[in-house]
Amino acid sequence: MKAIRRITVRTVLPESIRPLARLATNLRWSWHRPTRELFEWLNADLWAESDSDPVTFLSLVSREELQRLAADQDVVKRVHAAAADLDQYLEQPRWYQSLGDGAPSCIAYFSPEFGITEVLPQYSGGLGILAGDHLKAASDLGVPLIGVGLLYQAGYFKQSLSRDAWQQETYPVLDPDGLPLTLLREPSPDGNGTPLQIALPLPDGRRLLAHVWRADVGRVPLLLLDSDVPGNDDAARSITDRLYGGGGDHRLQQELLLGMGGVKALRAFQKLTGGPAPEVFHTNEGHAGFLGVERIQEMMSAANPLTWEEALAAGRASTVFTTHTPVPAGIDRFETSQIQHFFEAGLAPDVPVAKILDLGREDFVDGNPFVFNMAVMGLRLAQRANGVAKLHGVVSRGMFSALWPGFDHSEVPITSVTNGVHVPTWVDPRIAQLSPDLFGAGAEAKEDWDFAYRISDEDLWALRREMRMSLVEDVRRRLRSAWKKRGAADAELAWTDSVLDPDVLTIGFARRVPTYKRLTLMLRDPARLKALLLHKTHPIQLVIAGKSHPADDAGKKMIQDLVRFTDDPEVRHRIAFLPNYDIAMARTLFPGTDVWLNNPLRPLEACGTSGMKAALNGSLNLSVMDGWWDEMYDGENGWAIPTANNDASPEERDDIEAAALYELLETQVAPKFYGLTVSHGAGAAGPSQPGAQKVPTHWVSMIKHTMSHLGPAVSADRMLKDYVNVLYRPAAIAGRQANADNYAQAKTLAAWTSRIRAAWPQIQVENVDSVGVSEDPQIGDLLQVNAYVALNDLTPEDVCVEVAYGRAEDNDELVDVTVAELKAAEDLGKGRHLFSGTLVIDRSGSFGYTVRILPKHTALASMAELGLIVNA
């Protein structure tokens, strides 16, 4: 029989071991090995049954067992020691506390998904894992950050395969009471507290209510809004049903709740806790962009209200926007009429709806003015923006260049902070044990990744085999389970007990499965792949995982094609596809692979942090020069797959790059792993002979080099420090300056901006001449440039007149450009001015220059910020 209702009963712990509850609900345990070891030590069988989830573990312990543990003084002593260690971690000053008073007192970090642990399945892929690592690193470094997201009733989907290898999705409903979450409550007379509730108006007189759940990620609180609450109608209750589910209006309401509701939740949380208000708001991708509208609404409805322009200037100053997509198709876009419909319901009653629509309008060349673009809104609401790798910064500046017409792509004000991964989460415990100083308490102050060089080649090679063996065992277990879900009988599955070989070169490939990531590039020539898998002296084996979006049939077809290849009895012992890729699977997959494969279409990989996680554990990367690999590949940490850059068709491009991949595997990667000096020679011990193979010294030297050089470079600690220094601190300073003295600077900037925009169409460079150039100019000669400009109603203080010079190409385009400011030399009357300056001719060959005018104000983060420029 089935229950008609299910509730979760929380365990009541005896007083002497009550700190176990706090250890279980603070998600620091997900990356703090001693805390996990404590729970396992209490009862190893129940720990395994709970899938290493402390909250579930405590619910499985019987009352009698709890009483026994509470009476055991060794248990009590160890529990209290662990609790004291957590208290010290939460309270002691860390890196951030050494920065002084200029650093922001609080930062709000908004993201549609957070991948912290498989126990809290609120993530789909890289964006969520990155957000989770962002919070963890902030906690370790003492950065005062608050995360804001949504609590999805079913999270993302669980993936399985049908008998014919088609992806199937299921959505098990989560019970928040069984998760490491606490419902925020407001004080009430009865002492129980009423659930904190935020509300947003909806069209047709409806409203959207949401409760707020808190997860503790070490020192960082994460607020998750949940619409499945009494008081909502059925449609409103389902708004937070699942991650990236539903269509237009459903998705839009999720993003309204995340952005606008998230700000309301922050204000309520601040009131409950007495903590500081955020000084910086970080929008992680466009999904949360409506937070800027809510902040404008706050300022326009205050006791001393600001105008739209003033509130926009004040909000932008303290907002950071991070874009993660390198393709326009990856951006959420809604019909303008949809946005209008929802905001006319009173979502922001003091803000003109037309102004909101203008924020996301594609009113630029090749844009669609009837579409509301969430990334465009994010950029217009933030004074500082970044991509997530150096190459992605370049791509983003090109992709959004239409917002800054007249500027070179390099001048578009989007910088980059290369992603990183949270080392304690992703490094294997066996690697961590090699360097307690690096991975122990206070590790954020350590960067001595050279420990890898202090390990003997033999010991490191043996450790790599041990981790590979762990992966082999995990693959066999998961593959057997996957086949049973596909309908296979136990009698058909004996072969799964011998899948993979711990002495064969193991290559991993796991990620989301959109078409641009090219899951099936390896299948371009099936016969050649089969030959690689079955090679007599240097075979390879592949472990592959990944989910396709439920609506992406092309991605599902890729999975089906791959799985049908892996089903072939001739090769299925050497290649496996594992369904339901998640954090738990990744913890074995990354350390167990010798090579991490990544073959996206360049430059469509924004960053691609999976290869970073593999590198932490001594895996070498084999990747297209895209994302983070484009800036960190050095020739000794792996291999670069050449890119077809000869204007080949898509089919030809895939053929060329697949052939290059096979060639690298055949002639370089596999021979080097087996210690061969030539691609098809003898001299290596064959596979399936544990310990027989000689240590491949060059391969091991590459492992040590990878760990030593990439370890600190790919760390999320490095990433967070970059965010703090490059974006958060400048944003906090700008925000304080904008808000001081009742928003005096914001008001001044808003008035100045309006004046500049009104006058700009009449600005022009009338004439440019030069003095001092001989008929035979030489390097080192001085060139005086005079620019006669018409400013009309503006003053020389309102603008920057620049000379840009460099090598002139045949089409007169300037390259290797240097920019120098010209000084106001003479007022010529009637709004005309002479600007002059001297430059040094610093190169031979074709030399050229031009003059341009830009707006200039101390409150601008960049002179390109307003998107206004006049070129000569």
Would [X] and [Y] count as having a side-chain donor-acceptor pair, cut-off 3.5 Å?
X: S456; Y: D459; answer: yes
X: K704; Y: S708; answer: no
X: D140; Y: H422; answer: yes
X: T194; Y: E186; answer: no
X: W426; Y: D133; answer: yes

So that I can tick it off, tell me whether [Y] and [X] are bridged by a salt bridge, with the cut-off set at under 4.0 angstrom between side-chain N and carboxylate O.
X: R477; Y: D474; value: yes
X: E15; Y: R18; value: yes
X: D490; Y: K484; value: yes
X: D74; Y: R78; value: no

message: Donor-acceptor pair, distance only, cut-off 3.5 Å: does the side chain of D51 make one with the backbone of D53?
response: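 Side chain of D51 to backbone of D53: no pair is present.
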message: Tell me whether E458 contacts the main-chain N or O of V695 through its side chain, where contact means a donor paired with an acceptor under 3.5 Å.
response: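 Not at all, since once roles are kept as given, no pair shorter than 3.5 Å links the two residues.
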Hey, does [Y] have a side-chain heavy atom less than 4.5 Å from the side chain of [X]?
X: D241; Y: Q153; value: yes
X: Y171; Y: L243; value: no
X: S52; Y: W29; value: no

Parallel, tilted or perpendicular: ring planes of Y109 versus H134, cut at 30 and 60 degrees: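 Aromatic pair Y109/H134 classed parallel.
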- request: Would you indicate whether R63, at its atom CZ, is surrounded by more than 12 heavy atoms from other residues, nucleotides or ligands within a distance under 6.0 Å?
  value: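 No, because the 6.0 Å sphere around CZ of R63 holds 12 heavy atoms or fewer from other groups.
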- request: Please report the shortest heavy-atom distance between V543 and L500, naming the atom on each side.
  value: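 Reported closest heavy-atom pair: CG2-CD1, 3.7 Å.
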- request: Mind listing the closest non-hydrogen atom pair of R219 and G142 along with its distance?
  value: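 Distance-wise, the nearest heavy atoms are NE-CA, 3.8 Å.
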query: Can you tell me how far CG of L27 sits from OG of S139, rounded to the nearest 0.5 angstrom?
result: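 Taking OG in S139 and CG in L27, the distance rounds to 10.0 Å.
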task: Measure the CD-CD distance between E65 and Q67 for me, rounded to the nearest 0.5 Å.
output: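 Between atom CD of E65 and atom CD of Q67 there are 11.0 Å.
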With a distance cut-off below 6.0 Å to the six-membered ring centre and an angular limit of 45° from the axis, does [X] pair with [Y] as a cation-pi contact?
X: R36; Y: F39; answer: no
X: R468; Y: W461; answer: yes
X: R28; Y: Y89; answer: yes

side-chain contact (heavy atoms from CB on, under 4.5 Å) assessment of Y723 paired with T322: CA-CA 11 Å; Y723 270 107; T322 298; 3.5 Å; yes
Member of L42, L13, V12 meeting the side chain to side chain contact (heavy atoms under 4.5 Å, CB included) criterion with L66: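 One option only clears the test, and that one is L13.
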task: Identify which one of I583, L222, V220, I129 satisfies the side chain to side chain contact (heavy atoms under 4.5 Å, CB included) criterion when paired with I116.
output: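 Single side chain to side chain contact (heavy atoms under 4.5 Å, CB included) partner of I116 among I583, L222, V220, I129: L222.
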